[in-house]
**Q** 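Before we start, here is the structure in question, set down as structure tokens.
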Amino acid sequence: MMETADEVAPAVRSILEAAENRESGTDGPITVSSRSFSAALEDAENAGRVPVIAEVKPTSPTSDGHREDDPATLASAMVAGGAAAISVLTEPTHFGGSPEALSRVRDAVDVPVLRKDFIVRESQLDVVEADLILLIVRFVDDLEGLLAAARDRGFQVLVEVHDRAELETALEAGASIVGVNNRDLAKLVVDLETFEGVAPHVPDDVTLIAESGISTPDDVCRMRAAGADALLVGSAIMDHAGDTDGDISENTRRLTTTEERT
Ligand SMILES: O=C(O)c1ccccc1NCC(=O)[C@H](O)[C@H](O)COP(=O)(O)O
């Protein structure tokens with residue numbers, strides 16, 4: 001399933017090359033006592049909030065700027081704004097993240113923390129403790145094996161897909177949390193119709209996350225109407241360009257308190 005390098009945008013090719021060469025854990029398999037993701041989503045729903053996974057994303061290949069703020073302060077502000085969980089980019093070269101940033105975030109908040117990275121082999125699971133990790137179907141050769149290895153360590157696993165074929169691969173491998181990425185990693189174009197096209201084919205017992213390109217309360221309504229159990233939001237909360245005065249709590253609250261249309 002691993003993509004050949006020329007099937008993705010140059011920035012993503014560069015991310016993958018860096019991932020291939022990046023450090024692995026050196027002390028053998030880690031064991032994680034993880035915070036329940038499903039309980040966090042349920043708590044948000046019970047409190048009348050839209051379940052949002054807010055992402056600490058200092059920069060990215062498609063961001064307008066770079067935020068240097070302390071990651072733990074950012075994450076605490078996101079939780080104050082009602083985030084059900086936090087995602088932390090740990091990729092250093094293209095996203096300005098680090099495993100240390102994730103550890104600091106996990107110490108600072110009590111909600112589940114997702115490690116957002118481009119994991120391509122088992123030993124890369126052993127770099128830092130997190131409650132969830134991301135596996136991207138198009139970049140992983142042995143999804144079933146990596147999924148099992150992650151679960152053996154205690155991680156919950158968000159399996160990312162972009163189309164129906166990748167969804168089938170994820171389901172065959174036994175994924176129970178699936179994210180549909182609205183960002184096409186071949187072209188780096190975002191289209192919310194991606195989620196709307198894939199979501200109807202996801203079984204009810206799978207936790208379904210809409211990822212990327214969600215900026216406004218209207219987008220929230222649209223993704224929830226299409227079946228999203230939770231939304232993963234980075235740029236609109238981080239506001240790299242400073243359009244909203246960079247108020248992280250308010251940016252998060254605007255989405256978590258969206259009145260949903262039935
Ligand atoms: O965000 C990017 O520019 C990007 C480029 C290449 C590969 C991955 C990329 N993003 C990773 C993500 O998964 C997003 O950070 C996440 O889904 C949040 O997206 P958004 O709300 O659109 O920032």
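The figures that follow rest on heavy atoms only: side chains count, while hydrogens, waters and symmetry mates do not. Just so you know, ligand 1 is whichever comes first in the structure, and atom 1 is the first atom listed for that ligand.
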**Q** Hey, looking at atom 2 (C) of ligand 1, which of Thr62, Leu185, Asn182 has the closest heavy atom?
**A**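 The residue whose heavy atom sits nearest atom 2 (C) of ligand 1 is Thr62.
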**Q** I'd like to know if the side chain of His94 pairs up with that of Ser60 as donor and acceptor (distance under 3.5 Å, no hydrogens or angles considered).
**A**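 Short answer, no.
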**Q** Give a yes/no on ligand 1: does Ala11 have at least one heavy atom closer than 4.0 angstrom to it?
**A**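 It does not, in that no heavy atom of Ala11 comes within the 4.0 Å cut-off of ligand 1.
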**Q** Does ligand 1 have an atom under 4.0 Å from some heavy atom of Met238?
**A**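 Heavy atoms of Met238 never come under 4.0 Å of ligand 1.
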**Q** Side-chain donor-acceptor pair under 3.5 Å between Asp126 and Ser123, yes or no?
**A**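 No, because no side-chain N or O of Asp126 sits under 3.5 Å from a partner of the opposite role on Ser123.
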**Q** Check whether any side-chain heavy atom of Ile53 lies under 4.5 Å from a side-chain heavy atom of Leu231, and answer yes or no.
**A**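 No, their side chains stay 4.5 Å or more apart.
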**Q** Scan side-chain atoms only and decide if Arg49 and Thr257 contain a donor-acceptor pair under the 3.5 Å cut-off.
**A**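 No donor-acceptor contact under 3.5 Å links the two side chains.
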**Q** On a heavy-atom basis, I'd like to know which of Ser235, Ser63, Ala9 is closest to atom 20 (P) of ligand 1.
**A**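 The nearest heavy atom belongs to Ser235.
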**Q** If we set the cut-off at 4.0 Å for heavy atoms, which region of Arg183 has an atom near ligand 1: side chain, backbone, both, or neither?
**A**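 It is the side chain that touches ligand 1; the backbone stays farther off.
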**Q** Heavy atom under 4.0 Å from ligand 1: found in Val12's side chain, backbone, both, or neither?
**A**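 Side chain only.
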**Q** Does Ala236 come within less than 4.0 angstrom of ligand 1, counting non-hydrogen atoms of the residue?
**A**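 No heavy atom of Ala236 comes that close to ligand 1.
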**Q** Going by atom types only, do Ser24 and Gln124 share a side-chain donor-acceptor pair under 3.5 Å?
**A**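 There is no such pair between these side chains.
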